[in-house]
S.K.: 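Got a structure for you, questions after.
All heavy atoms count here, side chains included; hydrogens, waters and symmetry mates do not. First the proteins, then the strands, lettered A, B, ... as listed; each starts at 1.
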There are 2 protein chains.
Amino acid sequence: MTPAEAVTALGALAQETRLALFRLLVQKGPQGLSAGAIGEALGILPSSLSFHLAQLSHAGLITQRRLGRHLYYAADFAAMNGLMAYLTENCCAGSAVCAPGCSPPISRTKGESHEAVSRSRQRR
Amino acid sequence: MTPAEAVTALGALAQETRLALFRLLVQKGPQGLSAGAIGEALGILPSSLSFHLAQLSHAGLITQRRLGRHLYYAADFAAMNGLMAYLTENCCAGSAVCAPGCSPPISRTKGESHEAVSRSRQRR
DNA sequence: GGCATAATTCTATTATTCTTGAAATGTGGA
DNA sequence: TCCACATTTCAAGAATAATAGAATTATGCC
């Protein structure tokens, strides 16, 4: 995860409608929800919904797939976990566990990145 | 954590300079760093630094304390964990563990909020 | 092909955010 | 008290993002 990617992802989530939308998809799981169902659940105009879906999609936080004439959107859990790992990376200089995803004080080979370690800890 | 608080926190992090600043503080741990040291590390103008520190502080993501004529800033780990818990709250409808902080399929008493459960899982 | 539904794209307007330099505040030491 | 240093506040301009409505594309069904 690059700084620019993280900023894009955080910016995508930093908006009331999009945050509600993303959390809705997180709670719905891998199956996701159609655009229409999302719009109905959140009560927003179709054009506005498309705009926000595009932001989240461009940020890599959600995926899109077609089922008949419906477009289904689902949260990308790997991306979400990657973002959280990026925020907590090398937390407290590795000397303490300050966060659920915080790097514990494991002795590491020189050159091995924290990011790689964080990634191996991801599930799904 | 309310939606508005989460949006404020995410918005505070959704900016290249502030994200680098926050991650720097996360890595420095509870002791933190003086404003001057942060400015030197990131190479930004004092006025710009103050602006960004104020954003993060207002969002509740960092704390401030004075030591002599220096102001020390440190990451607020409880706030960071709260934000991540909010994002992953009731993930996949509780039927699966999709994320490190995702609610596992625990049977809950009716009326007990997921937020309370998430909060009890926070450390520090 | 023609129609209805699902969703996106376009365009304009409004609102918010970032940057910079200058001025102001607060703190400790001579 | 006076000075130097650390940091914040202020003000103006430039850039970016959100909203709403109208028009467009894509799909499935008759």
S.K.: Apply side-chain contact (heavy atoms from CB on, under 4.5 Å) to B/Leu56 and B/Leu13, showing your working.
M.R.: CA-CA 8 Å; B/Leu56 288 167; B/Leu13 295 172; 4.1 Å; yes
S.K.: Does any pair with a residue in residues 42-52 of chain A pass side-chain hydrogen bond (donor to acceptor under 3.5 Å, both in side chains), and if so which ones, sequence neighbours excluded?
M.R.: A/Arg18-A/His52
S.K.: Carefully, step by step, assess B/Leu19 and A/Leu87 under the rule side-chain contact (heavy atoms from CB on, under 4.5 Å).
M.R.: CA-CA 8 Å; B/Leu19 181 58; A/Leu87 287 177; 3.7 Å; yes
S.K.: So for the helix from C/dG1-D/dC30 to C/dA30-D/dT1, with five pairs setting each end axis, what is the inter-axis angle to 10°?
M.R.: 30°
S.K.: With the side chain counted from C-beta on, respond yes when B/Leu49 and B/Leu21 share a heavy-atom pair under 4.5 Å apart, and no when they do not.
M.R.: yes
S.K.: Which residues in residues 34-44 of chain A have at least one heavy atom lying under 4.0 Å from any atom of DNA chain C?
M.R.: A/Ser34, A/Ala35, A/Gly36
S.K.: Reckon B/Tyr73 touches a base, only the sugar-phosphate, or nothing at all at heavy-atom distances under 4.0 Å?
M.R.: sugar-phosphate
S.K.: When you measure from the side chain of A/Gln27 to the backbone N and O of A/Leu24, does any donor-acceptor pair fall under 3.5 Å?
M.R.: no
S.K.: Give me the first and last nucleotide of DNA chain C, going 5' to 3', that has any atom under 4.0 Å from a heavy atom of chain B.
M.R.: C/dC18 to C/dG28
S.K.: Mark up nucleotides 17-30 of chain D, 5' to 3', with B wherever a protein heavy atom is under 4.0 angstrom from a base atom, S wherever such an atom reaches only the sugar-phosphate, and - elsewhere.
M.R.: -SBBBB----SB--
S.K.: To the nearest 0.5 Å, how far apart are CD1 in B/Ile62 and CZ in B/Phe22?
M.R.: 8.5 Å
S.K.: Where do A/Leu33 and A/Ile38 land on the side-chain contact (heavy atoms from CB on, under 4.5 Å) test, with the steps shown first?
M.R.: CA-CA 6 Å; A/Leu33 228 50; A/Ile38 296 168; 3.8 Å; yes
S.K.: So, for A/Cys91 and B/Phe77, which heavy atoms are closest and what is the spacing to 0.1 Å?
M.R.: SG-CE2, 3.6 Å
S.K.: Any chance the SGs on B/Cys92 and B/Cys98 are under 2.5 Å from each other?
M.R.: yes
S.K.: According to side-chain hydrogen bond (donor to acceptor under 3.5 Å, both in side chains), does anything in residues 54-71 of chain A pair up with another residue at least two apart or in another chain? List the pairs.
M.R.: A/Gln64-A/Tyr73
S.K.: State plainly whether one hydrophobic cluster holds both A/Phe51 and B/Val7, where clusters connect Ile, Leu, Val, Met, Phe, Trp and Tyr through side-chain heavy atoms under 4.5 angstrom apart.
M.R.: no
S.K.: Can you check side-chain contact (heavy atoms from CB on, under 4.5 Å) on A/Asn90 and B/Arg23, steps first, answer last?
M.R.: CA-CA 9 Å; A/Asn90 199 23; B/Arg23 296 217 316 146; over 6 Å; no
